[in-house]
Number of protein chains: 2
Amino acid sequence: MANIKDVAKLANVSVTTVSRVLNNRGYISQETKKSVQDAMNRLQYQPNEVARSLFRRQSYMIGLIIPAVSHPFFAKLTHFIEFYAHLQGYKIVLCNSLMESNKEKDYIEMLKRHQVDGIIMGSHTLEVEDYKEVRLPVVSFDRQIAPKIPYISSDNFTGGIIAAEHLIEKGCKKIAHISGSLALNVLANKRNDGFINTCRKKGLEYCVYETDINVLENDNYEDVINRLFREIPDVDGIFASSDIIAAKVMKKCSELGKRVPDEIKIVGYDDTDIAKYMVPGITTITQPIEAMAKYAVDYVVKQLDEELVPNETVLPVSLTARGTT
Amino acid sequence: MANIKDVAKLANVSVTTVSRVLNNRGYISQETKKSVQDAMNRLQYQPNEVARSLFRRQSYMIGLIIPAVSHPFFAKLTHFIEFYAHLQGYKIVLCNSLMESNKEKDYIEMLKRHQVDGIIMGSHTLEVEDYKEVRLPVVSFDRQIAPKIPYISSDNFTGGIIAAEHLIEKGCKKIAHISGSLALNVLANKRNDGFINTCRKKGLEYCVYETDINVLENDNYEDVINRLFREIPDVDGIFASSDIIAAKVMKKCSELGKRVPDEIKIVGYDDTDIAKYMVPGITTITQPIEAMAKYAVDYVVKQLDEELVPNETVLPVSLTARGTT
DNA sequence: TTGTATGCGTTATCAG
DNA sequence: CTGATAACGCATACAA
């Protein structure tokens, strides 16, 4: 690979001059500019971004730490994060934490050593103090880590309300929420608050079931769902905290011979593609994933530009009605 | 951020000595080693990997170019690629090409400028000559780009055969294949060859429908599916070239009142999660995605170690029978 | 066992 | 308008 020196030699100029045409900086005569460009082309010169990064102490890389890209929600989020990062000239270094806190910690260190310009944090197994030493711009997803770390989430509380209200409107009398682990310090748990609040207000019988911390172990979902149907055989409405759980519930209903939506109604969460694909389509709470991704990238970049960013950014959710209700 | 000089100063040694304890190289007394480590801890020193990369001309980064992580197949593939890369100390820079050839080209250049050690190529809109200038280790997914670029795929031809045979065994008399764009130069198209071969051999009526090049535009899928059912109303078996297409077919069947699998049978491809979630579960051709990911990473690393790698690596597929047949 | 000097490829400063 | 040089943070060859 040719470097700036080779170009300089071939064009009979100094490296400084080559650097100038490379960066369009300073005065330069048209002739030399052209001859330098010719040399670049002949050598197929590509500037070494590692050297540039070292010098300017900026890598144009953003680290993204999530539980797992294989999960549809994070796949979609990652997709848009990469998209908007690319628009602004940033690259994404992908890290799947698998919800293991030591992996999460290692990834943060690794990213720092690699001099990423910022980190988008969507996996949350660490404590607040673990973030003390991270002196990089961080944007958190779906969790309020510390006052100084801006977070982005959708309006989980309202999401829980909408879901519960929808089930109630549709005539459900005995509803359950299948929640993610409430032990986890994430804002998604506010869905449960919204759900419970609404049930209480309307004087409805309700119940909450928690899944494991692990986002990946789907087996655990099935255990929870089995338990739910065993303990509340006459449940007629389920609010599932992800479309995947909703799909699993649908499958169970089919096994049990419960007709959806006639005998039991289901509301999912996220509005990932699976909600559309299922037959019938899953009524779900739509998270504005693309907007969330865009904000995450913007906030990293803005912090780098030393612009002020809001600490809390809560984007609206909405109900997307389909066949399960 | 403290650098090696700061550590040296605090420990009252030279940077060389610090470098030595950092890399466990050369002779060093226990005392100085300890005092250097103390200094490192006190300063929370983290080596700057950008500087290291510049020096050793190796970044431990691998570029991954795919059409879109949001697609379940690529999400799963990406997940495992990152997993195995991390095991070997490599980082993944994620690039979604959206199947736009200029984006694909730009990403390749960008990755080279950033001095990635290798590229895993899962998006294929470019011509062979576009790869002439890529002087990096490349591993291609599902396409034979050039003799010198090793590729990994699963046995698409056999996949097509298995799918067709399964539909025929199950009693289908008039079957169709919904294929990806056959204009694309990818090995997935061999599924179609296997399908057609089998149908001919068994003397069965068959038909092939192609979708667009674009993996993302699902609207197009629906058009194709609509056309299929309009033109062959009595089709009783469909081989869909992805689980997503299969799911869309199921939805259409539900709209048309066609009972699956009684009136029409469906075989998908990939065995992504959606095949499990759908009700009934989708009978599908299982690709060994994890193994494919592992091989891709291994081959990049082996090329870097100047080990020989096979040009063609075709992994076996298998049928996973579920409810749609 | 430890230190000095040099270079990795680039950019900024400053002098011409 | 152009060029020599130092510096970014680190690791190696070579001295001591």
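Computed over heavy atoms, backbone and side chain alike; hydrogens, waters and symmetry mates excluded. Note that the coordinates shown come from a computational prediction; the quantities given were computed from them, not determined experimentally. Below, chain A is the first sequence line, B the second, and so on; all start at residue 1.
One finds no side-chain N or O of B:Arg25 lying less than 4.0 angstrom from the OP1 or OP2 phosphate oxygen of D:dA11. At C:dT4, none of the side-chain N or O atoms of B:Ser14 fall inside 4.0 Å of OP1 or OP2 (strictly under the cut-off). Dashed line: the shortest gap from a side-chain N or O of A:Tyr45 to OP1 or OP2 of C:dT10 is under 4.0 Å. Proximity of A:Asn3 to the phosphate of C:dC8: no side-chain N or O atom is located under 4.0 Å from OP1 or OP2. Taking 4.0 angstrom as the limit, B:Arg113 places none of its side-chain polar atoms (N or O) nearer than this to OP1 or OP2 of C:dG9. Close to C:dC8, at under 4.0 Å from its OP1 or OP2, lies no side-chain N or O of B:Arg56. At D:dC1, none of the side-chain N or O atoms of A:Ser29 fall inside 4.0 Å of OP1 or OP2 (strictly under the cut-off).
In the set D:dG3, C:dT10, D:dA11, the nucleotide with an atom closest to the side chain of A:Ala51 is C:dT10.
Residue A:Thr16 places a side-chain atom within donor-acceptor reach of the base of D:dA4, judged by atom type and a 3.5 Å distance cut-off alone. For C:dG3, the base has a donor-acceptor partner in the side chain of B:Arg20 [N/O atoms by modelled type, under 3.5 angstrom].
Backbone-only engagement by A:Ile28 is indicated by non-hydrogen atom pairs under 4.0 Å involving sugar-phosphate atoms exclusively. B:Val13 comes within 4.0 angstrom of sugar-phosphate atoms only, judged by non-hydrogen atoms across all strands, and of no base. B:Val50 comes within 4.0 angstrom of nothing in the nucleic acid, heavy atoms only. Within the 4.0 angstrom heavy-atom criterion, only backbone atoms of the sugar-phosphate kind lie near B:Thr32; the bases stay farther away.
When rounded to the nearest whole Å, the span between NZ of B:Lys9 and P of C:dG3 equals 15 Å. Rounded to a whole Å, the CG atom of A:Asn48 is 18 Å from the P atom of C:dG7. Counting to the nearest Å, the P atom of D:dG9 and the CG atom of B:Leu43 are 14 Å from each other. Nucleotide D:dT12 holds its P atom 11 Å from the CG atom of B:Leu22, rounded to whole Å. Rounded to a whole Å, the CG atom of A:Leu54 is 12 Å from the P atom of C:dG9. In this structure, B:Gln115 atom CD and C:dG9 atom P are separated by 9 Å, rounded to whole Å. Atom pair B:Tyr27:OH and C:dG3:C1' shows a separation of 17 Å (rounding to whole Å applied). One interatomic measurement links the two molecules: CZ of B:Arg57 to P of D:dC10, which rounds to 18 Å at whole-angstrom precision.
Projected onto DNA chain C by closest heavy-atom contact, B:Gly26 and A:Ala2 fall at different nucleotides, the more 5' of which corresponds to B:Gly26.
A donor-acceptor pair is defined here as one N or O able to donate and one able to accept, closer than 3.5 Å; no such pair exists between the side chain of A:His114 and the backbone of A:Val116. A:Asn41 places no side-chain N or O within 3.5 Å of a backbone atom of A:Asp38 that could act as its donor or acceptor partner. With hydrogens and angles disregarded, a donor-acceptor distance shorter than 3.5 Å links the side chain of A:Lys112 to the backbone of A:Glu133.
Expressed to the nearest 0.5 Å, how far NZ of B:Lys91 lies from CD of B:Glu49 amounts to 6.5 Å. Summarising the geometry, atom NZ belonging to A:Lys9 is positioned 13.0 Å from atom CD1 belonging to A:Ile4; distances are rounded to the nearest 0.5 Å.
Residue-environment remark: CG (B:Leu87) exceeds the threshold of 12 foreign heavy atoms within 6.0 Å.
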